[in-house]
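Some notes on the structure that comes next.
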Amino acid sequence: MQERYEFKEIEAKWQRIWAEQDSYTVPDFSDRPKYYCLEMFPYPSGKLHMGHVRNYSIGDVVARFKTMQGYNVLHPMGWDAFGLPAENAAIKHGAIHPAHWTVENIDTMRAQLKQLGLSYDWNREVATCHPGYYKWTQWLFLQLYQHGLAYKKKSAVNWCPSCATVLANEQVKEGSCERCDSVVEKRELEQWFLKITNYADRLLADLEKLSGWPDKVKIMQKNWIGRSEGAEVNFPIEGMDESVAIYTTRPDTIYGVTYMVLAPEHPLVEKLIEGKPQAGQIREFVKQVRNLSELARTSTEAEKIGLFTGAYCINPVNGDKVPIMVANYVLLEYGTGAVMAVPAHDQRDFEFARKYNLPIRVVIQPEGVTLDPGAMIEAFEDEGLMVNSGQFNGTPSRQGISAVIKYLQEQGLGEGRVNYRLRDWLISRQRYWGAPIPIIYCDQCGAVPVPDAELPVMLPMDVAFKPTGRSPLAEHEDFVHTTCPSCGGPACRETDTMDTFMCSSFYYYRYTSPRDETSAWDGDKVRQWLPVDQYIGGVEHAILHLLYSRFITKVLFDMQLVGNDEPFTNLLTQGMVLKDGAKMSKSKGNVVSPEDIVAKYGADTARLFILFASPPERDLEWSDQGVEGSYRFLNRVWRLVAPLGDLLAAGEYTGRTGSLVGINKDMRRITHLAIKKVTEDVGNRFNFNTAVSAIMELVNTIYQYREVPEFDRDAGVMREAVESLLLLLAPFAPHITEELWALTGHKGSIHAQPWPQYSPEALVEDEITIVVQLNGKVRDRILVPAGISADAMREMVLKQEKVQALIGDKKVVKVIPVPGKLVNIVVK
RNA sequence: GCGGGCGUGGCGGAACGGCAGACGCGCUGGACUUAGGAUCCAGUGGGGCAACUCGUGGAGGUUCAAAUCCUCUCGCCCGCACCA
């Protein structure tokens, strides 16, 4: 029965026992220090893919390791269960309801996760599509609403024609829908937004606190928030009692303004052109630009097109009369939607000016060169001295920025201003399968929030899933018609649902109180568990989920609903799983199914391979032969340990390195070296691949040790080596180690054992081999006593006959002894 | 264009500035076998009979010593991209 490694039986058996014994149920409060290990919860798309397996294998090693190290580890799992694929499946196949589709997928994927032997506390499972969960999504929305952070606004928004809904800016990649790749259109719609821009400064500044995050992610967030410093300046319009506000980061170039540009959608455009001969032409142009896709509109490649409005404004610093243009390269959403054009010192303005024959005036002069506007082939955007700038002539441009701002402020012409690229988060979705926005519209009272006591606003089951561009909920009479909570009169419900990123922005709080029906979470529990100590997931959420979660956390912190102002202390972004150098995908036909691998080799092999093949942040190249190798290794462990049986228990630890000699001492040293290496690689560096290789080396050494005649072997050393091996391997391959732990006469789960400690004294060698270098090249190796001093080392090396022969008649210039490593002799 | 990352054997990958290639895959040879695609042992960067020598994308530099630090350069990957 113990002869072969029967992974199927072993894995099924222990999964059953763990479930029966609630082995991974975590108490909220404990004497042990807390550790919150979290992996990004999956969208229940159907079945697990290798990316999931990688993500969750990494998390499980961390969770099991920290548990063995004595922490009370919260390690939950749930489902990001609202979203379009469920609804699209319903549209396509007709018969199946998104709710059923989702629940079935969850059941399948939960079973798959359990087959992987992941140590989740399943009592805490949440699904965002469950009314018991989305009640709190709606509650969260109302909290934001009541604090003035949720508002409805009509504006040009991103519309995905294929998904038939609007999208947040974060969900548009290169002008296309990040989900389905359709080209996104602009539509003028009234939508719900969250004021994430109120938090722009803190979201940016607090990136500093996140020392446990990859720089890559922090830089991406920094760029996305896009802070810039500059000035807002008012340019009076000639002949009108109006002025045009512009935003510039280069107030030092204000004397070089030769024209003004408004975004086509700018509200002033219509006023400026009214009654002017070019009015018709401009209206036509504005219409054209509006109809362009986001991609065509914002492409750097696109030609800059503009028209003169016929109006002029006055440069407030020098009284110059400058023409006002309308052009496609100015965006309404950024800054004030209007820019002052300084063609000499801005490349875009330069190109535009050349094309339309607008004047170019140099106001920043680089040192040693005189710029000639006529001869310039590109704008000069670097620093220099201010010229043609009145009182500022001779000021270095860098100082000029603040000097001009100061002047503008004193004169009441403008002021310093900080601008962000970040825009408010659009959360309305014109789709069914999401959390309904809990707002009621009453003719008398306007928009009225649904009272907390009436939450959740239930999603009706009987709806028609036609992608009409309106929410399917709008077609559902019983849902739409209601009474006003304020006046009791007839009223209509909001029929849009929320962006699913709203659901996933707080699930890590809900895990602390998953079944609480009276509050989103228990304050004590949240303060006990949060922030998440280690968050693990794909880098694709670098901006989306991770930025939204930081925003929501700060809002909750300000409302004193949580005690942490950042959600995730440490972040690990794992690389993709590739096959033949490309991301696994159905269309490429290079998908390896986790099911097949688990069926053929078992979960332990699958986990071990994935952790061994590559460090976690890097992409992982799938290799069937590599999987075979991991399988072979586990078999090798099995054959090594299983036959020992109860014999192992007979060996007593000597714990006395001093009395050990030769092979026994070596075996003990290797054991403790492995403990040290695995502890450091898993605990500090997350280098699971090198941790596994250290375990492999331990196994190889034990194999050699086993060949030593029994008379010469130390039973205690053997026992310690094998037990350490099992304990070190336990987080990686939980089933086989559990089985072998039991087989070798141990009581209790291996996963409940304390993590082994290495003894520094066991690592000490009597003698070590050091390298002798001549001019940095390895020429010899000699054996020296381990604790030898640098001076003694130098002397010993120089005494060697071979070394003297190597030196010959050359002159020894310098000898550099590096204790424990080498001696380098520099000769001439 | 801007920002970030990565270039090491046939392959995945190791190397606090200190023996390049740990560990694994693959390959070669051997053992055990009726057989082996199981297992065990040995070998395995290139060149050379050898002493040696050349080797971490390329070119320089710093250093007693560089895959590692600096400068330039080439290639690949990722993110952002008219943000005034």
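None of these values were measured; they are calculated from a predicted model. Protein chains get the first letters and strands the later ones, always in sequence-line order, with residue 1 at the start of each.
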(message) Measuring from the side chain of A/Val778 (C-beta onward, heavy atoms only), which nucleotide among B/U53, B/A20, B/C40 has the closest atom?
(response) B/A20
(message) Rounded to whole Å, how long is the line connecting atom OH of A/Tyr334 with atom C1' of B/A81?
(response) 14 Å
Expected rows: protein N/O vs nucleotides 61-64 of chain B N/O, under 3.5 Å:
residue : atom : partner  : partner atom : Å
B/C64   : O2'  : A/Asn824 : ND2          : 3.2
B/C64   : O2   : A/Asn824 : ND2          : 2.7

(request) Could you check which of B/U53, B/C80, B/C19 has an atom nearest any side-chain atom of A/Arg781? (result) B/C19
(request) Check whether more than 12 heavy atoms from other residues, nucleotides or ligands sit under 6.0 Å from atom CD of A/Glu208, and answer yes or no. (result) no
(request) Kindly point out which of B/G13, B/A81, B/G4 is positioned nearest to the side chain of A/Arg421? (result) B/A81
(request) Nearest whole angstrom, please: distance from the P of B/G79 to the CD of A/Glu178. (result) 11 Å
(request) Output yes when a side-chain donor or acceptor of A/Asn55 lies under 3.5 Å from a complementary backbone atom of A/Gly51, and no otherwise. (result) no
(request) Find the distance A/Leu332:CG to B/C82:P and express it as a whole number of Å. (result) 15 Å
(request) Flag the pair A/Phe688 / A/Phe686 as yes when their ring centroid distance falls below 6.0 Å, and as no otherwise. (result) yes
(message) Would you say A/Arg421 and A/Asn223 are linked by a side-chain donor-acceptor pair, where the criterion is simply a distance under 3.5 Å?
(response) no
(request) Take atom P in B/A66 and the same atom in B/A20, then report the distance between them in whole Å. (result) 10 Å
(request) Look at the side chain of A/Arg423 and the base of B/C83, then say whether one donor and one acceptor between them are separated by less than 3.5 Å. (result) yes
(message) From CG of A/Asp382 over to P of B/C2, roughly how many Å is that when rounded to an integer?
(response) 12 Å
(message) Regarding A/Trp224 and A/Glu170, do their side chains bring together a donor and an acceptor under 3.5 Å, going by distance alone?
(response) yes
(request) Using the C1' atom as the reference point in each nucleotide, state the distance between B/G24 and B/G61 in Å, no decimals. (result) 37 Å
(message) Can you measure A/Ile246 atom CD1 to B/C83 atom C1' for me and round it to whole angstrom units?
(response) 14 Å
Protein-nucleic acid N or O pairs under 3.5 Å, nucleotides 21-27 of chain B:
residue : atom : partner  : partner atom : Å
B/A22   : O2'  : A/Glu697 : OE2          : 3.1
B/G24   : OP1  : A/Asn700 : ND2          : 3.1
B/C25   : OP1  : A/Arg632 : NE           : 3.3
B/C25   : OP1  : A/Arg632 : NH2          : 2.9
B/G26   : OP2  : A/Arg632 : NH2          : 2.9

(request) Check whether the side chain of A/Lys821 and the base of B/C19 form a donor-acceptor pair under 3.5 Å. (result) no
(message) Both A/Tyr703 and A/Asn687 contact RNA chain B. Taking the nearest nucleotide for each, which residue is further toward the 5' end?
(response) A/Asn687
(message) I want to verify the glycosidic state of B/G46; is it syn or anti under the 90° rule?
(response) anti
(message) So if I take every side-chain heavy atom of A/Pro615 and compare against B/U39, B/A14, B/C82, which nucleotide ends up nearest?
(response) B/A14
(request) Evaluate whether atom NZ of A/Lys600 has more than 12 neighbouring non-hydrogen atoms of other residues, nucleotides or ligands under 6.0 angstrom away. (result) no
(request) Side chain of A/Tyr247 only, please: which of B/A84, B/C54, B/C80 is the nearest? (result) B/A84
(message) Checking side-chain polar atoms at under 3.5 Å, does A/Lys186 have a donor or acceptor matched by the opposite partner on A/Asn158?
(response) yes
(message) What does the 5'-to-3' dot-bracket notation of RNA chain B look like when only Watson-Crick and G-U wobble pairs under 3.5 Å count, and pairs to other strands show as |?
(response) (((((((..(((.....[....)))((((((.......))))))(((....)))..(((((..]....))))))))))))....
(request) Spell out, as yes or no, whether a donor-acceptor pair under 3.5 Å connects the side chain of A/Asn419 to the backbone of A/Ser228. (result) no
